[in-house]
Structure formats: structure tokens, C-alpha cells
Amino acid sequence: MNQPIQPIIENGGKVLSVSFDTTSTTTTATDDTIPVLAVGGVNNHDSSSFSFSSSTSTPRRVHHHCRHQFHAAWLWHNDSRNIMIPSGQKKRSASSWWNDDKPMIVEASVHPAVGCIGLWKKDANNNNNNDDDVSLSSFLVPRGSIHPINMVVTKTTTTATTKTMDNCKSSTDTQSQNTVPLSLSLSEYVLVITWNTPNKSSSSSMNSRRQSEQDAQQQQEENGSSSSSSSGCTTTTSIYNMQWLKDWSYYTDSNDDDDEDHHHRVLYHSARIRREVSTKHTFIHSNKQVLESKGIEKRRVGDGTLDEMNHGGLKCVDYHDLLAVHVNDSTTTSTSVIDKKILPFMDALFLQGAVMIQNAPHDGIHDSPEDVIEHIAKVISGHNAGLSHGSLYGNTFHVQSTRDAINVAYTSQELCPHQDLAYYESKPGFQLLFCVSMPANIIGGESILIDCMAAAHEFRKIAPDLFEILVKCSACFVKDRQGARMTYARPHIVLHTDGTTSDLNNIHREIVSVHWSPPFEGPMPTLPPDLLEGYLKAYAAFELMLDNTKCPITCSEATGIDLDLAVELAAYGKEYTWQKLLKPGEILVFNNTRMLHGRRKFEMPRYTVEKEKEQETTTTAMMLERHLVGGYTNIDDSLNRYRTLLKELNVHRTMPNMGNGTISVLP
């Protein structure tokens with residue numbers, strides 16, 4: 001039986017500490033923990049006494065608890081009444097707690113949401129202009145919500161909520177006043193906070209605040225209940241959804257008799273563990289598990305095995321399933337049906353970083369390749385967004401071998417793994433490559449992908465000293481040709497700085513972006529000569545992981561990297577590089593901030609081409625070329641599209657880091 005853990009009002013009402021008591025088979029906190037006791041009032045330690053217990057029972061129980069702290073200023077700023085509906089704008093700034101003379105928390109208790117809507121509407125100091133719109137559903141906040149109140153309460157939501165709450169209302173009525181029912185999930189409970197806010201008209205708000213503390217404590221000692229108001233202060237009530245609080249909380253500590261340090265690390269970094277990209281997030285890893293379960297050895301795509309049949313683990317969707325999205329009509333009546341059809345495509349793209357679209361029209365009769373690319377771009381980033389980053393190459397560009405090529409991509413040479421437009425402050429979010437034609441007798445020309453975020457995560461494990469160099473040394477990415485002169489300097493690997501890390505030498509912070517584009521790297525004016533050799537050594541080591549054409553023996557001999565280390569790094573590149581020759585009608589879509597892409601060198605036997613050109617029409621002759629059509633979408637527009645899609649479908653996803661230089665603060 002788990003022991004009750006009491007949340008504590010600390011620092012004279014400035015901090016509320018809430019503990020979640022969890023029993024599970026793992027060391028990470030579960031999402032289904034529920035409160036089992038509600039409280040009466042404020043005790044002698046200014047604490048409200050409610051506790052939590054896991055609803056999950058397992059044969060192997062691992063017991064731990066973690067404490068979540070909420071500062072009064074944070075709670076005050078995120079009060080539901082501070083949110084303008086439906087815009088989601090804050091009515092008060094983050095400094096409002098100070099401007100309102102530092103309101104104090106004097107009481108806190110947990111209740112089923114069904115019984116608390118009246119507290120909101122009866123609050124004498126509720127200045128919300130949208131009281132009529134506030135219902136029970138308003139406090140049943142969907143997972144992943146940024147605001148502590150349900151911003152979109154539809155008729156369906158209200159009906160479903162009413163049904164859910166009616167089912168448990170009878171059990172709620174039969175409970176003791178000091179307990180809450182066990183049949184509800186955490187998201188169906190709310191935390192009710194009572195504040196004492198000093199009146200601005202008071203001659204001394206500080207004295208009033210101190211007096212209110214004494215009055216509250218005196219009444220608590222006399223009759224066990226808290227004062228509803230005190231001299232010079234106004235009592236107000238705030239309501240917060242418990243699941244929302246848990247999702248957005250700052251975890252401070254944990255304890256476990258068996259392995260306290262381990263549980264501390266795992267619980268503290270539980271959100272980071274879910275979102276930081278590692279090899280387990282790659283579709284290559286998922287495919288490897290599938291093959292192993294079937295007793296099939298993993299082989300490179302193209303060997304005719306199951307690996308070839310399932311595109312090396314890459315999710316495939318049919319182009320015609322995406323046609324349901326009427327990009328020219330943003331007011332489609334069957335929006336929910338359409339959204340559900342494109343959700344598997346969007347999930348694969350945002351969670352695994354890449355997806356393959358099949359059966360796209362490539363004959364140019366009904367839709368041009370440019371139209372096809374633009375349509376998919378609008379599916380990804382929204383009707384009003386579409387394609388982006390078109391100033392250098394146009395909104396769409398044609399990747400084919402030409403005599404006067406302005407880019408290595410427009411030749412038949414090998415194109416090493418890289419990110420496009422690394423010299424932009426904000427690189428394109430997603431890239432689309434549509435195979436319009438591919439000769440059957442082409443030699444080489446395979447497209448390649450590798451997850452550079454996952455590679456960096458592994459690089460830190462294998463060679464932390466070299467990893468640190470790429471974190472600290474800035475590279476210079478450039479574009480300098482006729483009509484273009486762009487530069488951007490930044491490290492190859494960027495770690496998150498959250499304001500609480502005093503030691504910036506800590507390399508175990510979250511990886512938030514990787515920048516890698518060998519064809520577009522220029523001079524490094526910020527790097528002192530004495531550090532250059534170490535930088536190039538680290539560069540060469542990471543390159544072994546990213547480019548599986550590099551020889552570990554040659555690299556070891558040239559740079560002095562230990563041969564065993566070089567072999568290990570190169571082995572990663574060979575195992576986690578995806579390679580496939582695209583077929584006409586296939587569109588490879590990938591996250592340009594997370595995935596490196598490239599191409600193998602290719603050639604076409606000249607006599608075959610000339611012979612076929614003599615016999616075929618001009619149109620057919622054009623089809624003999626290796627011809628891809630590409631385009632980009634903006635990362636912010638694309639993220640917004642996916643997040644709103646999940647919100648509309650009321651679906652929760654834990655999204656891996658996008659590689660765009662920030663953490664995903666969404667729970």
C-alpha cells in the first residue's frame with residue numbers, strides 16, 4: 001500500500017509542491033496516476049493534504065515518487081481566467097503576480113471536475129467576460145493543450161463529457177467528503193487554489209498580507225477551516241486541470257530506497273528521454289526489429305528481400321489517399337474524415353522523419369510535377385502556406401544532369417549526405433523529391449537518407465571528447481555564386497540551454513539541432529589555428545557515421561583516430577543509412593533538419609540512350625533521364641499544421657525533437 005504524500009504550500013504561499021506517488025514496472029512516471037485523497041484545509045505547515053497513487057497494478061512493482069513544484073507567479077499567470085477565449089491571448093503579463101502585490105496561496109485541494117464548475121462562476125472576483133461559455137468541458141483539457149482551459153468546446157465534446165461525468169457522479173455522491181472516487185483518470189480532476197490578494201486600496205499591502213497569514217493560521221487552529229477572506233485582502237479561486245499541471249510541471253526531486261540516483265535521473269529527464277532523437281526513433285531501427293522477429297537478416301534495400309518490399313522500413317502512403325485534402329477549399333465539410341486519412345502520413349513524417357508517397361501521377365497529362373509537389377506541400381504545411389524557400393531555386397526545382405550545372409545536384413556526380421540550405425537562419429523544414437522518370441538501365445543513382453540527430457546522440461556515447469569539440473566549435477555555412485551571397489556560422493551540434501544549467505561545458509544537455517552540409521562549408525574565421533586540427537579530427541570522426549562511403553582505416557591513418565573507434569563509427573553509418581533507387585511516381589518526403597540526404601553517383605550507357613532515342617518519341621526520350629522535381633516547406637508552418645491536426649482529432653502524440661534548434665515544450 002502506497003503511503004500518502006502531501007503537497008505542501010511553501011515559502012509563505014509562494015510555492016505549491018505536489019507529489020505524484022507512482023507504482024509501475026518502469027522507472028518513468030506514468031500518465032494515469034490519480035489522486036486518492038482530497039483535503040480539508042491548511043495545516044500547521046501551510047500544506048494541503050492530498051496524495052496520489054497509480055491506477056496500474058503489475059506483478060513487478062517499482063515504487064517511487066517525484067515532487068513537482070509550482071511557483072505562485074507561474075500559477076497566477078496561467079490562471080484560466082487570464083486566457084482570452086477564443087484567441088488564447090493572455091490578459092495579464094508574466095509580471096502580473098508582482099503587479100498584483102504577490103497574491104498568496106492559502107489553500108489547495110483536489111476535486112473531480114464535475115463538482116467545481118460552480119466555484120468558478122460564483123467567485124466574486126471573477127472578471128472573465130466569457131463566464132457564459134465556461135462549462136464542465138472547459139476544465140477537461142485535452143492532452144497536449146498549451147492553455148489550462150479547453151479552448152474549443154464543441155457540442156460533441158460536451159455531450160461526451162456529460163456522459164463520462166454522469167457515469168461517475170453517483171459514486172462521487174457516495175464518497176466521503178475527504179475522499180475522491182477512483183474511477184476517474186487524472187485529467188478528470190482539478191486542483192482548486194484559494195488566493196489571498198491584497199487590495200490595492202490598502203494603505204500597506206505588505207502589512208495586509210502578513211495579517212492575512214496570521215488570520216488564516218489562527219482560524220485553522222481554532223476550527224480546522226481556512227478563512228474565506230482577511231483584512232485588506234480579497235479571496236479568489238483558481239481551477240487547474242490536474243493532468244495539465246502534471247504535463248507542464250517542473251520536476252524537482254525523487255527518492256527510491258533501491259536506486260535513488262537512477263530514479264532521479266530517469267524521472268527528471270523523462271520528458272527529454274521521450275523527445276530526444278536516438279536510434280530507437282529511426283525507421284531503420286523499427287525495420288530491424290521487424291526483420292529480426294521474422295528471422296530475416298537485414299540487408300540493404302535493393303537485395304530483393306523483405307527489406308525491399310517494405311522500403312527499408314519507410315512508411316508508404318498512396319498519393320490518392322492524400323487527394324482527399326481539397327487544397328483549394330479550406331472549408332471542406334468532411335474535415336474530420338480527411339484529417340483521419342492523412343494522419344498516418346503526418347505521423348510517419350513527424351515521428352520518424354521521412355515517408356514515401358507512391359502512385360503519384362508522373363506522366364504530366366493531368367497534373368504537372370509542379371502541381372503534385374505543391375499539393376503535397378499544402379497537405380504538410382496547410383492551405384495558406386504551401387511551398388517555401390524559393391528565392392534561390394524557385395518554389396519547385398528540377399534535379400537532373402545538365403551541362404552547365406549551377407549545383408552538384410544537377411550533375412551525375414555523387415552527392416554526399418547533407419542538409420539543404422544550411423546557410424539559412426532557418427533551414428527548410430521538409431523537403432519533397434518527386435521521381436518523374438528513372439531509366440531502367442541506370443547504374444547507381446540511389447537516394448540515401450541518414451538521421452543525423454540520432455547519429456549525434458550515438459556519437460556522444462561513443463566519442464564524448466570529439467562530440468564536445470563539435471558542440472563548441474562553430475562551422476561556417478555559405479552560398480556564394482552569381483545572384484547569391486549568404487553565410488551562417490553555428491556549431492555542427494547544438495545543445496539546449498534551459499537557464500538552469502550553470503555549467504555550459506556539460507555535453508549531456510539535450511541535442512536540439514545538427515547542422516551538416518559539406519558542399520556548402522566555407523572558411524572558419526571564428527576558429528583559432530591551434531584548435532583547427534582537433535576540430536578536423538572530430539569532423540572526420542562524425543563524418544564516418546554520416547557518410548558510409550568513408551573508409552575507417554584511411555580515416556584512422558590520416559587523423560590519428562583509434563582504429564577500433566573509427567571502425568565502430570563507420571559500422572553505425574553502414575547500419576543506419578537508408579538507400580533506394582526511386583521509381584517513377586514515388587515522392588520521398590523527409591525532415592530536412594533531422595535527416596541528411598544524398599545520392600550515389602550514376603551513369604547511363606550512352607549507346608543504349610542513343611538507340612532508344614532513335615526509336616522513341618521525344619516525350620518518351622525525356623523519360624529516359626533521371627529526373628526528380630523538388631520543393632520545400634517551412635518548419636513552423638508544418639509544425640503548426642500537424643499540431644492543429646492532432647488537436648482537431650483529439651489525438652495525443654509525443655513528438656521527437658524536430659531538430660529546429662529548440663525543445664518541444666508541448667507535453
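Below, each value reflects all heavy atoms present in this structure, side chains not excepted, and no hydrogens, waters or symmetry copies.
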Inspect the contact between [Y] and [X] and indicate whether a charged nitrogen and a carboxylate oxygen are less than 4.0 angstrom apart.
X	Y	value
R653	D347	yes
K580	E586	yes
K537	E543	no

[X] NZ/CZ over [Y] ring centroid, <6.0 Å and within 45° of normal:
X	Y	value
R490	Y488	yes
R481	Y393	yes
R626	F602	yes

Check: How would you list, by chain and number, every residue that makes a side-chain contact (heavy atoms from CB on, under 4.5 Å) with T396, sequence neighbours excluded?
Finding: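 Residues passing side-chain contact (heavy atoms from CB on, under 4.5 Å) with T396: E370, I373, L387, V629.
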
Is the side chain of [X] donor-acceptor paired with the backbone N or O of [Y] at a distance under 3.5 Å, no angle test?
X	Y	value
R599	Q413	yes
S381	A377	yes
S145	V141	no
S87	Q89	yes
H147	G88	yes
N634	P428	no

Is the closest side-chain heavy-atom distance between [X] and [Y] below 4.5 Å?
X	Y	result
I376	I357	yes
L314	V355	no
W516	L546	yes
D321	F345	no
E414	R600	yes
R641	I342	yes
I448	W578	no
F459	L470	yes

Side-chain donor-acceptor pair present, [X], [Y], cut-off under 3.5 Å:
X	Y	value
E374	N395	no
S391	Y424	yes
Y535	H492	yes
S513	H515	yes
N287	H285	no
D420	N592	no

Minimum-distance pair of heavy atoms, taken over all atoms of [X] and [Y]:
X	Y	result
A422	K427	CA-CD, 3.6 Å
A360	F434	CB-CE1, 3.8 Å
F467	A456	CE1-O, 3.5 Å
R594	P656	NH1-CB, 4.2 Å
L581	M438	CD1-SD, 3.8 Å
L392	A484	CD2-CB, 3.7 Å

Just verifying a value: how many Å separate [X] [atom1] and [Y] [atom2], rounded to the nearest 0.5 Å?
X	Y	atom1	atom2	answer
T577	L449	OG1	CG	9.0 Å
H457	T282	NE2	OG1	12.0 Å
N548	K574	CG	NZ	5.0 Å
Y572	E458	OH	CD	6.0 Å
Q419	L596	CD	CG	5.5 Å
S278	M453	OG	CE	10.5 Å

Item checked: side-chain contact (heavy atoms from CB on, under 4.5 Å) between I450 and M595, worked out -> CA-CA 6 Å; I450 185 166; M595 312 292 290; over 6 Å; no

Next item on the list: Could you label the plane-to-plane angle of the F520 and Y423 rings as parallel, tilted or perpendicular, counting under 30° as parallel and over 60° as perpendicular?
Entry: perpendicular

Check: Picking from H496, E510, R275, what satisfies side chain to side chain donor-acceptor pair (under 3.5 Å) with N657?
Finding: E510

Next item on the list: Given side-chain contact (heavy atoms from CB on, under 4.5 Å), test L349 with F430 step by step and report yes or no.
Entry: CA-CA 9 Å; L349 193 55; F430 292 93; 3.4 Å; yes

Note to self: Using the rule given for salt bridge (charged side-chain N to carboxylate O under 4.0 Å, His left out), can you reason through E468 versus R460, listing the C-alpha separation, both sets of side-chain angles and the distance that settles it, and then say yes or no?
What the structure shows: CA-CA 8 Å; E468 183 175 9; R460 179 169 54 194; over 6 Å; no

Notebook entry, point to check: Any chance CG of L532 has more than 12 other-residue heavy atoms, nucleotides or ligands included, within less than 6.0 Å?
Noted result: yes

Next item on the list: May I have the step-by-step check of side-chain contact (heavy atoms from CB on, under 4.5 Å) for Y319 and H375, ending in yes or no?
Entry: CA-CA 10 Å; Y319 175 81; H375 173 72; 3.9 Å; yes

Checklist line | V589 and its side-chain contact (heavy atoms from CB on, under 4.5 Å) partner, picked from L432, T633, V379 | finding: L432

Note to self: Please evaluate residues Y410 and Q400 with respect to the criterion side-chain contact (heavy atoms from CB on, under 4.5 Å), reporting the C-alpha separation (whole Å), side-chain torsions for both, the decisive distance (0.1 Å), and the verdict.
What the structure shows: CA-CA 5 Å; Y410 303 156; Q400 51 194 149; over 6 Å; no

Check: Mind checking whether F590 and H597 have ring centres under 6.0 Å apart?
Finding: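 Yes, they do, as the ring centres are separated by less than 6.0 Å.
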
